[in-house]
Peer 1: 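Next up is a structure, given as structure tokens.
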Number of protein chains: 2
Amino acid sequence: MKNNIKNLRATFNLTQGDLANRIEVSRQTINAIEKGKFDPSLPTAFRLAAVFRCTIEELFVYEP
Amino acid sequence: MKNNIKNLRATFNLTQGDLANRIEVSRQTINAIEKGKFDPSLPTAFRLAAVFRCTIEELFVYEP
DNA sequence: TCTCAATGTAAAGCTTGCTTTACATTTGAA
DNA sequence: TTCAAATGTAAAGCAAGCTTTACATTGAGA
């Protein structure tokens, strides 16, 4: 699963820590998701999409 | 997190077992998701949306 | 009514998402 | 150049997603 978080984060001028605070996860979680270490849970994906005012489909690219 | 899986499954004439096979999870997983026992992972949500040809946002309603 | 498919549910166990703590590396602004 | 903020990473531990096995309940058609 790929994602556009790093780019969007830059567009919105947010640090990993800022974003983490906004969606109430740890900074390490944001880092891990950006780095592709693991996929977020569905609730976390919804909160991320809400911050960037986009759909989950625009934020994440599913790869079988 | 609420979801419309049960309705859509009826519309598409699929049993829980059918749907489970389609997205390669166990029947119990489908049952648990329908019953709200837990939220699916993001990959599982993507596969569910693909079966019903809808978006994740149409399939799941996030509740903080 | 009988019966078989579909659904509900439970327990044990594995994997993954996420946390906290902690430290190293990179980067950019003064 | 230096120093602080931002990022990267790692380990241990808890919580959630999912599996397998197994059995009970519901429901609809013969």
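Naming convention: chains lettered A, B, ... in sequence-line order (proteins, then strands); numbering from 1 in each chain.
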Peer 1: Write down the distance between CD1 (B:I33) and C1' (C:dT9), rounded to a whole number of angstrom.
Peer 2: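 In whole Å, C:dT9 C1' and B:I33 CD1 are 16 Å from each other.
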Peer 1: What about A:Q28, does its side chain sit under 3.5 Å from the base of C:dT21 through a donor-acceptor pair?
Peer 2: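 When only heavy-atom distances are counted, A:Q28 does reach the base of C:dT21 through a donor-acceptor pair under 3.5 Å.
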Peer 1: Does C:dT9 have OP1 or OP2 under 4.0 Å away from a side-chain N or O of B:R27?
Peer 2: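 Answer is no, no contact under 4.0 Å.
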Peer 1: Can you tell me which nucleotide in D:dT19, C:dG8, C:dT19 comes closest to the side chain of B:T29?
Peer 2: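 Looking only at side-chain atoms, B:T29 lies closest to D:dT19.
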Peer 1: Under 4.0 Å, counting only non-hydrogen atoms across every strand here, what does A:T15 touch: a base, just sugar-phosphate, or nothing?
Peer 2: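 Touches sugar-phosphate only.
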Peer 1: Taking CD in B:E24 as the centre, count heavy atoms belonging to other residues, nucleotides or ligands within less than 6.0 Å. Is the count above 12?
Peer 2: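 No, CD of B:E24 has 12 or fewer neighbouring heavy atoms, counting only those of other groups under 6.0 Å.
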Peer 1: When A:L8 is tested against each of A:V51, A:L14, A:L48, A:L59 for side chain to side chain contact (heavy atoms under 4.5 Å, CB included), which residue passes?
Peer 2: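 Going through A:V51, A:L14, A:L48, A:L59 one by one, the side chain to side chain contact (heavy atoms under 4.5 Å, CB included) with A:L8 is satisfied by A:L59 alone.
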Peer 1: Can you tell me the distance, in whole Å, between the CD1 atom of A:I30 and the C1' atom of C:dT19?
Peer 2: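 Those two atoms, CD1 and C1', are 13 Å apart.
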Peer 1: Can you check the A:M1 CE to C:dT16 P distance for me, whole Å?
Peer 2: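 To the nearest whole Å, that distance equals 14 Å.
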Peer 1: Give the cluster check for A:L42 versus A:V61: same hydrophobic cluster or not, with ILVMFWY residues linked at side-chain heavy-atom distances below 4.5 Å.
Peer 2: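 No, because A:L42 and A:V61 fall into different hydrophobic clusters, even though each may have its own neighbours under 4.5 Å.
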Peer 1: Given 3.5 Å as the limit, does a donor-acceptor pair link the side chain of A:N4 with the main chain of A:E58, or not?
Peer 2: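 The answer is yes, because a donor-acceptor pair under 3.5 Å joins these two groups.
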Peer 1: Identify the two heavy atoms, one from B:Q16 and one from B:N31, that lie closest to each other, and give their separation to 0.1 Å.
Peer 2: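 Residues B:Q16 and B:N31, closest heavy atoms: OE1-ND2, 3.1 Å.
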Peer 1: Would one find a side-chain N or O of A:N31 under 4.0 angstrom from OP1 or OP2 of D:dT7?
Peer 2: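 For D:dT7, OP1/OP2 do not have a side-chain N/O of A:N31 under 4.0 Å.
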Peer 1: Would you kindly give the CZ-to-P distance between B:F38 and C:dG8, to the nearest whole Å?
Peer 2: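 Distance check: B:F38 CZ to C:dG8 P gives 14 Å.
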Peer 1: Rounded to whole Å, how long is the line connecting atom CD of A:E24 with atom P of D:dA15?
Peer 2: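 In whole Å, D:dA15 P and A:E24 CD are 18 Å from each other.
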Peer 1: Ignoring backbone atoms, establish whether A:S41 has a side-chain N or O less than 4.0 Å from OP1 or OP2 of D:dG17.
Peer 2: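 Indeed not, no polar side-chain atom of A:S41 lies that close.
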Peer 1: Hey, is the side chain of A:K37 poking within less than 4.0 Å of OP1 or OP2 on D:dT7, counting only N and O atoms?
Peer 2: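 Answer no for this pair, as no side-chain N or O of A:K37 is under 4.0 Å from OP1 or OP2.
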Peer 1: Could you check how far CD1 of B:I23 sits from C1' of D:dC18, rounded to whole Å?
Peer 2: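 After rounding, the reported distance stands at 11 Å.
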Peer 1: Touch check for A:S26, heavy atoms < 4.0 angstrom, all strands: base, sugar-phosphate only, or nothing?
Peer 2: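 It contacts base atoms.
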Peer 1: Roughly, in whole Å, what's the span from CZ in A:F60 to C1' in C:dG17?
Peer 2: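 That distance rounds to 13 Å.
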Peer 1: Using heavy-atom distances to pick each residue's nearest nucleotide on DNA chain C, tell me which of B:E34 and B:P43 is more 5'.
Peer 2: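 The 5'-side residue here is B:E34.
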